[in-house]
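Before any comments, here is the structure.
Note that these values count all heavy atoms, side chains included, but never hydrogens, waters or copies made by symmetry. Residue numbers begin at 1 in each chain, while the letters A, B, ... track the order of the sequences.
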Amino acid sequence: MADPVLAISELSKTFGALKATDDVSLDLKPGEIHALIGPNGAGKSTLINQVAGTLKPDTGSIRFDGQELTGLTVAERARRGLGRTFQVSSLAPEFSALRNVMLAVQSVQGSSFRFFRPVMRDTSLIEPAMAALERVGLADRAHLPTSELSHGERRQIEIAIALALGSRAFLLDEPMAGMGPEGSKKLTDFLDGLRAEAPILLVEHDMNAVFALADRISVLVYGRVIATGTVDEIRADPEVRRAYLGDEA
Amino acid sequence: MANRETIFNLAVALLLLALPIAANYAGEPFYVTLATRIAILSLAAVGLNLALGLGGLVSFGHAAFFGIGGYTAGILASHAFSGDPLIFGLPGTKQMIVIWLVAMIAGGIVAFLIGLISLRTAGVYFIMITLAFAQMIFYFAISWPAYGGEDGLPIFVRNQFPGVNTLRPLPYFLICYALLAIGLILFKLIADSRFGAALQATRQNEVRVASVGIPPYRIRLAAFVISGMFTAIAGALFADLNRFVSPSMLSWHLSGELIVLIILGGVGRLFGPVVGAAIYVLLEFWLGGITERWQFFLGLILLGVVLFARGGVVGLIAGRARHG
């Protein structure tokens, strides 16, 4: 079996008396979509934030491509190939979609300390950025300021950024949120194809999307992983049904 | 691409050049000196605009760099005058070009040290910590008798520039104007560059910048250092204009003035500092002749700008800023 790209082991994080992450171990294998589901407040975003580096775990380890991530900054982790999207879109609002993605391209080229050449005439930035926007179907909106785009479109920009970074693993925090049924369907198809490029750790509330996409599912409740398994195993798990899925599954 | 802002900027640049030349030949050298003040304050504020306008770093301590530039000019000139060597047996100098270089390096080093610590904070804490550093330097200058202490330090004869009689008002204005022009061109180049893109993105959303793998702290620190260098050169010019350096160049009033200039003219706009400095100096001149409380009216105008024209005067005339 292939080595996992991302391996989280025995991770814990408490906020005061609240155990937001409680001895969590899970991994992400090449080519798979690993969905992370659970009720609101279960600690899904907290877990993503610890992997991306915006939060520091109390104990435990996170290994990416065999290297320990603990102690690295958000920027260093991103440069190693962790592409994340946010639960609430986080972009530079005054910049156009294109310029937001161009920022990722210049980071990949390792060249943010260039002071003189104008970026808007720099095809080595514009072309890869446009290509990424085209892949998420946003090329015709590329020049609008991000603040004028819809929630769904901002989601797409975030994914385009993760693509432009050449990410070797994606951390997607509720990418379907704020999208209409048609948008969700399109994004589901897109993510389905994306897993061949790099594995995806997917936090999502849209169960149709999760069941359609996930190779494996982990269920998080009160910061603990209560079950990990294939779609069918999770659907059949009595504890999961009681804690989260209820009757809908 | 000639949009409204470009045309407006060119008009301001031409006016600032043509008026003092006309005044000079009309036998009114005082107005040339007034225009020189505008050019120098503009350059100082262009420096601050890099940190504040592009980077969102509200530095309330830029008087430190202005004063360091001023003291560099004063100290180097006084050693050249007395013939005493500086540290390590190095001589003083009367050459402006050397003075500017030293001012730039000194300003850059101090900006690096101040930035290293203050950029670990943000918001009000950043404002206060930059103020605190500038005040430390201010009190140091006051209590250091070797270079005049509280009384300041005179520059007996204005420093020299090859081929130019710097003692006459118009040539000195042209020197200051040329440096302002270079400063504006560099600002524009930096704003449009990859570094500028990262810096402006850092202002808008730090987490986003870090998440694409660009370290925001290093971007800000570089911007703060460049910003301090610009303002230090302006300080050296200011010292030579007045032929006098005093601790008031380091005082928090001046830091505040520079912020006010930028807000008046337009935060982050290329010509914001120039327009702001022109309004400020002209108001001081006209209203200052009528009443000692001229800053009351400056306050009213500032209030008007903040309430009704968030992009400053440039924003009012040329519309909202656009990012490709």
Taking side chain as everything from C-beta outward and backbone as N, CA, C, O, which of these in [X] sits under 4.5 Å from a heavy atom of chain B? Side chain, backbone, both or neither.
X        : value
A/Ile161 : side chain
A/Leu165 : side chain
A/Ala52  : neither

Practice problem: Go through A/Phe95 and B/Gln204 one step at a time and tell me if the side chain to side chain contact (heavy atoms under 4.5 Å, CB included) criterion holds. | Solution: CA-CA 9 Å; A/Phe95 278 178; B/Gln204 297 170 48; 3.4 Å; yes
Quiz item: In terms of heavy-atom contacts, does OH of B/Tyr125 have more than 12 from other residues, nucleotides or ligands at under 6.0 Å?
Solution: no
Quiz item: Would you find more than 12 non-hydrogen atoms of other residues, nucleotides or ligands less than 6.0 Å from A/His205 atom NE2?
Solution: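 Atom NE2 in A/His205 is packed in, count exceeds 12.
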Practice problem: State which residue, out of B/Ile226, B/Asp192, B/Leu186, fulfils the side-chain contact (heavy atoms from CB on, under 4.5 Å) condition with A/Phe115. | Solution: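 Of B/Ile226, B/Asp192, B/Leu186, side-chain contact (heavy atoms from CB on, under 4.5 Å) with A/Phe115 is met by B/Ile226 alone.
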Exercise. Quick one: closest heavy-atom pair of B/Ser211 and A/Arg84, and the distance?
Key: OG-CD, 4.3 Å
When heavy-atom pairs shorter than 4.5 Å are enumerated against chain B, which of [options] gives the highest number?
options                     : value
A/Gly83, A/Ser90, A/Ala162  : A/Ser90
A/Leu98, A/Thr54, A/Leu125  : A/Leu125
A/Gly53, A/Gly110, A/Pro118 : A/Pro118

Quiz item: Do any of residues 66-79 of chain A come closer than 4.5 Å to chain B, heavy atom to heavy atom, and if so which ones, in number order?
Solution: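 When heavy atoms of chain B are the reference, residues 66-79 of chain A contributes A/Val74, A/Ala75, A/Ala78, A/Arg79 within the under-4.5 Å range.
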Practice problem: Examine whether an atom of B/Ala222 lies under 4.5 Å from a heavy atom of chain A, and if so say whether it belongs to the side chain, the backbone or both; otherwise answer neither. | Solution: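 Answer is side chain: those atoms of B/Ala222 sit under 4.5 Å from chain A.
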Exercise. Report the distance from atom CD1 of B/Ile214 to atom CG of A/Leu103, rounding to the nearest 0.5 Å.
Key: 4.0 Å
Quiz item: Between CD of A/Glu94 and CD of B/Gln200, what distance do you get to the nearest 0.5 Å?
Solution: 8.0 Å
Quiz item: Who passes salt bridge (charged side-chain N to carboxylate O under 4.0 Å, His left out) against A/Arg117, sequence neighbours left out?
Solution: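 Partners of A/Arg117 under the salt bridge (charged side-chain N to carboxylate O under 4.0 Å, His left out) test: A/Asp122.
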Quiz item: For A/Glu174, which residues count as a salt bridge (charged side-chain N to carboxylate O under 4.0 Å, His left out) partner, sequence neighbours excluded?
Solution: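 Salt bridge (charged side-chain N to carboxylate O under 4.0 Å, His left out) list for A/Glu174, sorted by chain: empty.
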Practice problem: State whether a side-chain donor-acceptor pair under 3.5 Å links B/Arg194 with A/Ser111. | Solution: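 Yes - a donor-acceptor pair under 3.5 Å links their side chains.
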Quiz prompt | Any donor-acceptor N/O pair, B/Ser193 side chain to A/Arg114 backbone, under 3.5 Å | solution = yes
Self-check item: ring-ring contact (aromatic ring centres under 6.0 Å, His included) contacts touching residues 98-121 of chain B (sequence neighbours left out)
Solution: B/Trp100-B/Phe161
